[in-house]
Amino acid sequence: MSSVKENCQEIERKLGLSLKKVNRERSSVQVIAVTKSVSSEQAIAVIEEGYTHLAENRPEGLEAKLEELNDLQLVWHYIGNLQTRKVKKVINKIDYFHALDRLALAEEIEKRAQKRISCFVQVNVTGEVSKSGVSPDELDEFISNLSKYSKIKVVGLMTMAPLNAEETVVRTAFAHLRGLQQTIQEKSFSHAPCTELSMGMSKDYTIAAEEGATFIRIGTSFFE
Ligand SMILES: *Cc1c(COP(=O)(O)O)cnc(C)c1O
């Protein structure tokens with residue numbers, strides 16, 4: 001086990017190399033520290049290295065971290081599945097929501113949110129049945145339907161690459177998401193500027209960076 005500080009340096013080194021390959025600036029990517037499996041003390045170690053975007057995937061985890069880190073200037077992301085009935089517990093505590101994948105959820109956000117929420121539409125690019133996310137075929141219609149919700153701003157698309165897949169499969173999935181994002185961005189919807197791409201985790205963030213990710217969600221690599 002290495003220290004969080006060493007892990008940060010290693011993440012930055014690898015990310016830097018990937019970005020350089022494709023002529024991107026470090027400032028074009030926001031690294032989100034996924035703190036769902038660690039204590040607030042460990043989260044603080046990452047914050048001390050300069051990271052200000054944090055993510056949680058359960059209402060209880062979010063609440064605990066917010067309480068313990070409440071005097072720090074942080075940007076909060078909610079990743080992973082959210083049950084409709086739990087929307088009210090989280091939606092007014094976060095800055096970004098990464099898992100918008102059904103209209104029932106949009107409906108509930110509309111009802112509960114006190115301000116406009118920056119949302120990523122989660123897309124299941126590889127069509128695995130076990131996975132949540134809108135299918136690429138249904139994405140256009142789904143995003144059009146979101147225009148009636150004044151509290152939802154579609155800032156971008158999010159995906160999870162298939163687990164333990166070969167690099168080419170992962171790369172193809174990320175490139176596919178980017179293609180979908182660009183198609184939507186070109187439509188210039190006022191409710192869906194869709195300029196952002198949330199993709200890449202500990203195992204595949206270098207590939208995601210090469211394929212245009214603007215938000216990368218890293219947990220394990222920071223903390224193990
Ligand atoms: C846990 C999680 C991550 C971070 O995964 P690591 O492999 O630990 O980096 C990223 N995105 C989502 C949606 C997650 O649930």
Side-chain angles (χ1 to χ4, degrees), residues 1-4 6-15 18 29-40 42-43 45-47 49 51-65 74-83 86-87 90-91 93-102 105 117-126 128 130-134 154-167 169-171 173-174 177-178 181 196-224:
M1 185 159 164
S2 23
S3 74
V4 167
E6 285 165 353
N7 290 343
C8 291
Q9 287 167 351
E10 183 64 3
I11 288 168
E12 290 299 331
R13 189 185 65 78
K14 287 191 185 167
L15 186 57
S18 292
V29 183
Q30 186 63 60
V31 173
I32 304 169
V34 179
T35 53
K36 65 188 184 195
S37 312
V38 302
S39 67
S40 291
Q42 285 172 289
V46 170
I47 296 164
E49 296 303 314
Y51 299 89
T52 54
H53 286 243
L54 268 58
E56 287 284 324
N57 73 339
R58 288 182 316 118
E60 301 73 24
L62 176 69
E63 210 154 325
K65 291 285 191 321
L74 300 167
V75 178
W76 285 100
H77 297 254
Y78 194 92
I79 56 175
N81 261 323
L82 181 62
Q83 289 171 289
K86 298 212 167 154
V87 165
V90 311
I91 206 69
K93 298 176 181 157
I94 58 171
D95 301 290
Y96 291 91
F97 179 60
H98 288 248
L100 183 55
D101 63 354
R102 56 197 193 276
L105 203 45
I117 309 293
S118 293
C119 298
F120 288 87
V121 169
Q122 184 168 353
V123 184
N124 184 356
V125 272
T126 45
E128 292 149 277
S130 61
K131 219 147 92 182
S132 49
V134 179
V154 180
V155 295
L157 303 182
M158 176 275 202
T159 201
M160 290 173 79
L163 277 179
N164 305 317
E166 279 180 47
E167 178 175 332
V169 175
V170 173
R171 192 176 291 280
F174 289 157
L177 192 74
R178 185 177 191 190
Q181 174 260 319
E196 311 300 323
L197 279 169
S198 169
M199 58 192 196
M201 305 174 26
S202 291
K203 284 204 173 121
D204 51 26
Y205 67 87
T206 57
I207 305 171
E210 288 170 25
E211 298 300 329
T214 60
F215 286 85
I216 289 175
R217 313 175 309 268
I218 300 179
T220 314
S221 292
F222 272 117
F223 300 110
E224 276 181 13

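Note that ligands are numbered from 1 as they come in the structure, with each ligand's atoms numbered from 1 the same way. Given the structure is predicted, the values throughout are model-derived calculations rather than measurements.
- Under the 30°/60° scheme for interplanar angles, the aromatic rings of Phe215 and Phe120 are found to stand perpendicular.
- The shortest N/O to N/O separation between Met201 and ligand 1 does not fall below 3.5 Å.
- Among all protein heavy atoms, the one lying closest to atom 11 (N) of ligand 1 is Arg217 NE, 2.8 Å.
- Heavy-atom proximity to Ile218, at under 4.0 Å, picks out these atoms of ligand 1: 9 (O).
- The closest donor-acceptor contact from the side chain of Asp95 to the backbone of Trp76 lies under 3.5 Å.
- Between Thr214 and Gln30, the side chains place no donor N or O within less than 3.5 Å of an acceptor N or O (distance only, hydrogens not considered).
- Using a 30° and 60° split on the angle between ring planes, His77 and His98 fall in the tilted class, from 30° to 60°.
- In summary, the side chains of Glu128 and Ser130 do not present any donor paired with an acceptor at a separation below 3.5 Å, with no hydrogens or angles considered.
- Within the 4.5 Å cutoff, no side-chain heavy atoms of Phe222 are placed close to those of Thr35.
- The side chain of Lys36, and not its backbone, has at least one atom closer than 4.0 Å to an atom of ligand 1 (non-hydrogen atoms only; side chain from C-beta on).
- When only non-hydrogen protein atoms are considered, atom 12 (C) of ligand 1 lies nearest to Ile79 CD1, 3.5 Å.
- In terms of protein heavy-atom proximity, atom 9 (O) of ligand 1 is closest to Ser202 OG, 2.5 Å.
- At a heavy-atom cutoff of 4.0 Å, ligand 1 is contacted by the side chain of Met158 but not by its backbone.
- Taking distance alone, with nitrogen or oxygen atoms compared against 3.5 Å, Thr220 approaches ligand 1 more closely than that limit.
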